[in-house]
There are 2 protein chains.
Amino acid sequence: MSRGSEPSYAMIARSLREQILRGEFGDGRQLPTEADLATQFEVSRQTIRRAFQDLVSEGLVYRVPGRGTFAQSNSDGYVRQVGSVDDLMGLADDTLMKVTAPIARKVDLISASRLRLSSDVVYELSFIRVHEDVTFCTTTVYLPTSVGKLVAEVPEFAEKGNVSTLTIIGQIDLKLSRPIAQAQQSITAVGADTDVAAELGCSVGHPVLRVDRLYLDTDGECVELAISHFLPEHYSYRISLLRNG
Amino acid sequence: MSRGSEPSYAMIARSLREQILRGEFGDGRQLPTEADLATQFEVSRQTIRRAFQDLVSEGLVYRVPGRGTFAQSNSDGYVRQVGSVDDLMGLADDTLMKVTAPIARKVDLISASRLRLSSDVVYELSFIRVHEDVTFCTTTVYLPTSVGKLVAEVPEFAEKGNVSTLTIIGQIDLKLSRPIAQAQQSITAVGADTDVAAELGCSVGHPVLRVDRLYLDTDGECVELAISHFLPEHYSYRISLLRNG
DNA sequence: CGTTATTTGTGCGTATGTATT
DNA sequence: AAATACATACGCACAAATAAC
């Protein structure tokens with residue numbers, strides 16, 4: 001029935017997800033019942049259940065037999081499940097990036113050494129990430145010369161103010177001879193400095209989440225170092241860990 | 001039908017999960033088809049699909065229309081090594097924990113609902129973690145009643161000031177009938193409140209890393225909620241992500 | 001205290017669509 | 001082109017938990 005591509009249950013899940021993240025069920029009020037939603041969306045109860053299964057596994061809602069369905073998100077910000085390199089590359093699906101400093105060749109000993117380069121020349125690029133008109137993240141990316149030249153060919157990254165839904169690492173993965181195989185992350189909390197505060201619209205010293213990511217190809221060569229600052233009011237970093245037998 | 005308590009699909013998912021974690025589908029060989037499993041377990045194809053939905057959302061298998069179902073092998077090839085629950089349980093190897101509030105029964109609606117309890121009674125326990133004479137972490141742990149009673153039997157957690165190298169989750173794993181299988185983490189940055197600042201020896205408002213962990217057993221039951229605050233000067237959270245296929 | 005209505009959970013059957021082999 | 005295998009969607013019946021009466 002209907003639809004060019006997206007299944008009904010996925011569309012319904014997306015609709016509910018957006019409402020939940022907007023905080024429309026924030027004060028502990030419960031979501032509509034399966035029967036209500038089935039009537040509203042004109043689908044069967046089973047299709048509603050399928051949509052809820054995704055939301056449950058994403059940790060966005062919990063359900064109690066006999067009582068109803070309740071939103072989980074206390075922090076009414078932007079929440080993301082990250083568990084693999086592919087997840088990181090898909091980060092831009094529902095966010096916009098806006099270039100604040102176009103890609104350019106720089107000399108920076110610190111980032112060069114973190115990229116394990118023998119020279120001190122890197123390519124540097126800064127942008128912010130926006131979700132529903134809220135800037136929740138600033139990122140500065142450092143690239144080795146060989147990779148930087150490839151990225152500089154992408155017009156989206158060449159000029160200040162450009163807007164795109166791409167990810168740098170996704171573009172690199174397309175253009176590189178060896179694929180991205182690994183990412184090393186380090187997460188910590190810092191007070192916003194003047195630059196970060198200005199871009200995120202918070203006060204100087206405000207606690208922000210700092211995430212450093214180093215991407216490696218299959219040979220273990222560093223291809224990107226990304227340093228991001230997230231506004232915790234609008235972003236929390238979620239991971240699911242499984243036990244390895 | 002049948003069975004005292006566990007639904008068929010959950011039993012089937014558990015059975016497949018164990019086989020996968022034992023590596024029985026490790027060499028890229030595919031799992032049996034829905035039809036085969038339906039015959040083998042004497043249930044409908046829908047029930048098999050329900051079991052697979054859980055395994056997919058756990059990231060244990062991936063499915064390709066027209067081809068089949070495949071294990072996300074963690075034995076050979078590209079490992080999906082997100083970090084693991086065992087990593088978390090080994091945290092105490094080189095650190096000491098010191099009880100600041102012994103385990104006690106409390107009424108707390110918020111943590112009870114996050115543990116998905118129908119009652120509002122939880123067991124609560126607070127401690128700090130010390131490494132080389134530096135306090136770098138405070139943690140408050142919330143447990144369902146059944147688990148709390150087990151943990152209360154451990155003398156190390158029963159009195160303020162007690163020092164130990166144990167982890168709560170390690171003790172729970174020993175005493176519980178079903179093992180810990182999964183943990184969901186949420187990481188964000190906050191300013192230290194007066195309690196946290198006093199325990200960590202930093203100023204109020206100082207940026208600290210807040211990590212919420214929800215531990216689940218093999219049935220998906222919540223067994224522990226731990227809320228920790230880390231001093232970023234002495235701790236950063238590192239993860240290695242590998243690419244899957 | 002039991003009864004009843006509501007709401008979610010489990011399980012099956014069926015039909016049809018789509019991707020792969 | 002045909003067979004295989006997963007995906008979507010609807011329908012039904014009954015079970016179990018909860019809440020209101």
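Per chain, numbering begins at 1; letters A, B, ... match sequence-line order.
Annotation: of the two residues near DNA chain C, B:Pro65 and A:Gly68, the 5′-most nearest-nucleotide partner is A:Gly68. Both B:Ala10 and B:Gly66 sit near DNA chain C, but only B:Ala10 has its closest nucleotide nearer the 5' end.
A straight line from CD1 of B:Ile48 to C1' of C:dG13 spans 15 Å, rounded to a whole angstrom. Distance, A:Glu34 CD to D:dC12 P: 16 Å, rounded to whole Å.
At C:dG9, one or more side-chain N or O atoms of A:Arg49 fall inside 4.0 Å of OP1 or OP2 (strictly under the cut-off). Of the side-chain N and O atoms in B:Ser8, one or more sit less than 4.0 angstrom from OP1 or OP2 of C:dG11.
Between the side chain of A:Gln46 and the base of C:dT10 there is no donor-acceptor pair of N/O atoms closer than 3.5 Å. Taking 3.5 Å as the limit, the base of D:dA7 and the side chain of B:Arg45 contain a donor-acceptor pair of atoms between them. No N or O donor and acceptor, one from the side chain of B:Arg50 and one from the base of C:dG9, sit under 3.5 Å apart.
At the heavy-atom level, A:Tyr9 lies under 4.0 Å from the strands shown only through sugar-phosphate atoms.
The side chain of A:Thr33 sits closest to C:dT7 out of C:dT7, C:dT10, D:dA7. The side chain of B:Arg67 lies closest to C:dT21, out of C:dT21, C:dC12, D:dC10. With distances taken from any side-chain atom of A:Thr69 to the nucleotides D:dC10, D:dT18, C:dT8, the minimum falls on C:dT8.
The nucleotide C:dG17 finds its pairing partner in D:dC6, both defining distances of the Watson-Crick or G-U wobble pair being shorter than 3.5 Å.
A distance of 12.5 Å separates CZ in B:Arg49 from CG in B:Leu37, rounded to the nearest 0.5 Å.
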